[in-house]
2 protein chains.
Amino acid sequence: MSQSAAKPRVTSFEVAERAGVNQSTVSRALSGDPSITEQTRERVREAADALGYRVDARAARLRSGKTRTIAIVVITRPGMGATEINPFHYNLLGSTCAAASDMGYQALVSFQSEAGHFDGDYVETRQADGVVLLGTSTNDAAWDYHHAMLGRADVASWGSPFVDHPRVDSDNRQGARLAVERLLAGGHRQIAFIGDTREIQNQFRERYDSYCDVMGANELEHGPPVWVEGKTRVEQGRLSAAALIDSGRRFDGIFCSCDAMALGVLELLHERGVGVPDEVGVIGFDGLGSGAYSNPPLTTVEPDFRQAGVLLAEAALGESDAAKTRRVPVQLVERESVRKTR
Amino acid sequence: MSQSAAKPRVTSFEVAERAGVNQSTVSRALSGDPSITEQTRERVREAADALGYRVDARAARLRSGKTRTIAIVVITRPGMGATEINPFHYNLLGSTCAAASDMGYQALVSFQSEAGHFDGDYVETRQADGVVLLGTSTNDAAWDYHHAMLGRADVASWGSPFVDHPRVDSDNRQGARLAVERLLAGGHRQIAFIGDTREIQNQFRERYDSYCDVMGANELEHGPPVWVEGKTRVEQGRLSAAALIDSGRRFDGIFCSCDAMALGVLELLHERGVGVPDEVGVIGFDGLGSGAYSNPPLTTVEPDFRQAGVLLAEAALGESDAAKTRRVPVQLVERESVRKTR
DNA sequence: CTGAAAGCGCTAACAC
DNA sequence: GTGTTAGCGCTTTCAG
């Protein structure tokens, strides 16, 4: 069929020869160096087009010392398929890629779940100028592996289970406030918090603390966090809701620490014949798309993903003060799992 | 604080000196060349560790002529945020990244929506060995831009609106068969098809054709495809379902060309007081996670995403016959939008 | 089994 | 404004 000869790569030298200029002039002309005459640049361009020449990015980067690339590692759990990854993390991934692109950077992405395949040395090996870590906080081996780099100026992260380093995160306190106040506005008074607040779950603890504050400010009692272990967040939500009901504790509202759990809560409430939002109002956190189709559609607190991507990319590229935690603004997404305000 | 001097990069020459060997020996030792004595390799390794040496990937790739990278471009629509991207495409993206990783490749990912930012020249610029194109088929400008590369041996795609090239796709005929036969098994007889079957929508037309075949084989009448334009697939589903009801045509089952539309269909049916699955059975296509939380949970046809990723990566790397369309096996995911079989 | 030498294709000082 | 000259850091013949 075709010739078995290796593709004869066209180099800048050939372009130079055809355009009748020096090779370095080709480089300058094509990279937009202003000191090149428009006329020369045009001649070079023509020669390049005629030859089908394209700059070899590897050589350009080696010589220039730059990578113009940002690495994004998404932590998942062993055995987890692409469909089981939390959509929240996909959103973060998409936003970070977009932000990187806007900043003129490429995105090298890697899904990591198992020991032996962990890798965060993108900067050391000169593959990227910075790295963004995100994904499930429930893969200890993965986070342990990456722990050491979490303080670096060229590393940004979202959702790390550690508390000893700066990060990018939702404005959890404000989000919880929005949620609880909305529940109150709907006439819900006995509001329970469902979520894991162990020390390492910093985000959830911040949401819980803020929930307690808002309840207190309204002279209402807050309860202890309700949380039952389960394989997935959805299952944790189901189990927690069941435990809450079975505990006999009275409640007419639930603030869930995340949407995936809220979806499980909604399922269980439905199965137990508890009406939402009439008997019990429910609000989640994360802005999951699935919540728009749940029964009933889930009211939730959504972070500004675009902004999240920007902050993550900037932090990884050292364009912001990496020494402090950055907060992403949140907003309430009204759907139908809370009673209407009058 | 720290010294303002540029980071003094450690090279293989310094490692060589410390280990008392030649620079080329360092390269061989570290790359696992079997001709190096275990003893020498160990000495080199120690020196490298002591100096914090890491191979510069840019230099290694330039010299070796390889990239060990696959580019993945996800086509979206202008103005679309990360949360609005169809989860189906995220799943495909995740699977392709995973497959690439398993094959020893990196993944360079790029979300593209607007003219001026389109780019598919990853192979020409030696940034990747192949490219995978996926995403929404409803961005003409983007696909027109990429059209020319769709036939290449180093390019694979999913969901292109063009019909003049091989691709990777679900086994649409088999999927439609599974769906319709399941509806039939649930006692649904008057089954309508909702979806866009214009020529360029090859996937949907295949699903429609297969639906017709199965209906015919069961001596049942098939109807014309029902489809109403709308901004999003969900809206299209809502509008189409409304149109179907308003047409007065009798139906007790709906096979939807995709889950996003099915979710809209479910919403509208609920609003109109039509019971699912008792009065009308509904099945979608794509295996969207959101379907698990819809009202009722949506029975659907799901492609094997893992396999999809493998086929896409292989096709992009020329490891399979790029000249022919590859089919990804599908399976029925039973949820609750169809009547139980007896 | 290891050393010597070449050079991947480009960018960037430095000349003129 | 353009040419000359190095050399980025590595892999890979080719010797021995």
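Below, chain A is the first sequence line, B the second, and so on; all start at residue 1. All values below come from the heavy atoms of this structure, side chains included, with hydrogens, waters and symmetry mates left out.
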**Asked** Testing Tyr145(B), Trp143(B), Phe111(B) for ring-ring contact (aromatic ring centres under 6.0 Å, His included) with Phe118(B), which one passes?
**Response** Tyr145(B)
**Message:** Whether the side chain of Thr325(B) engages the backbone of Arg167(B) through a donor-acceptor N/O pair (distance < 3.5 Å, no angle test) should be reported.
**Reply:** yes
**Prompt:** Considering all heavy atoms of both residues, which atom of Arg41(A) and which atom of Ile36(A) are nearest to each other, and what is their separation?
**Reply:** NH2-O, 3.4 Å
**Message:** Regarding Gln127(A) and Thr125(A), do their side chains bring together a donor and an acceptor under 3.5 Å, going by distance alone?
**Reply:** yes
All N/O donor-acceptor pairs, side-chain side in residues 75-83 of chain A, below 3.5 Å, sequence neighbours left out:
from	atom 1	to	atom 2	distance (Å)
Arg77(A)	NH1	Thr138(A)	OG1	2.6

**Protein proximity profile, nucleotides 10-16 of chain D - base contact B, sugar-phosphate-only contact S, no contact -, cut-off 4.0 Å on heavy atoms** = BBBBB--
**Message:** Rounding to an integer number of Å, can you tell me how far Glu17(B) CD sits from dG3(C) P?
**Reply:** 13 Å
**Request:** Please state how far atom CZ in Arg126(B) lies from atom P in dG9(C), giving the value in whole angstrom units.
**Result:** 8 Å
**Request:** Give a yes or no on this: more than 12 heavy atoms of other residues, nucleotides or ligands lie within 6.0 Å of atom CZ of Arg43(A).
**Result:** yes
**Request:** Tell me, yes or no, whether the heavy-atom count around Glu17(B) atom CD, taken from other residues, nucleotides or ligands under 6.0 Å, exceeds 12.
**Result:** no
**Prompt:** Are the side chain of Gln112(B) and the backbone of Ala142(B) linked by a donor-acceptor contact shorter than 3.5 Å?
**Reply:** no
**Item:** Evaluation steps, side chain to side chain contact (heavy atoms under 4.5 Å, CB included), between Trp158(A) and Asp169(A)
**Value:** CA-CA 6 Å; Trp158(A) 182 299; Asp169(A) 199 354; 3.9 Å; yes
**Message:** Over all strands shown, is Thr37(B) touching base, sugar-phosphate only, or nothing at heavy-atom distances under 4.0 angstrom?
**Reply:** sugar-phosphate
**Asked** What's the CD-C1' distance between Glu14(A) and dC10(C), to the nearest Å?
**Response** 14 Å
**Item:** Bend angle of the helix from dC1(C)-dG16(D) to dC16(C)-dG1(D), from helix axes over five pairs at each end, nearest 10°
**Value:** 30°
**Request:** Provide, to the nearest angstrom, the distance between the CG atom belonging to Leu62(B) and the P atom belonging to dC10(C).
**Result:** 9 Å
**Prompt:** Ile36(A) near the nucleic acid: base, sugar-phosphate alone, or nothing, with a heavy-atom cut-off under 4.0 Å?
**Reply:** sugar-phosphate
**Item:** Length of the CD-C1' vector between Glu42(A) and dG1(D), whole Å
**Value:** 17 Å
**Request:** Measure from CG on Leu30(A) to P on dC10(C) and round the result to the nearest Å.
**Result:** 10 Å
**Item:** OP1 or OP2 of dC1(C) under 4.0 Å from side-chain N/O of Thr40(B)
**Value:** no
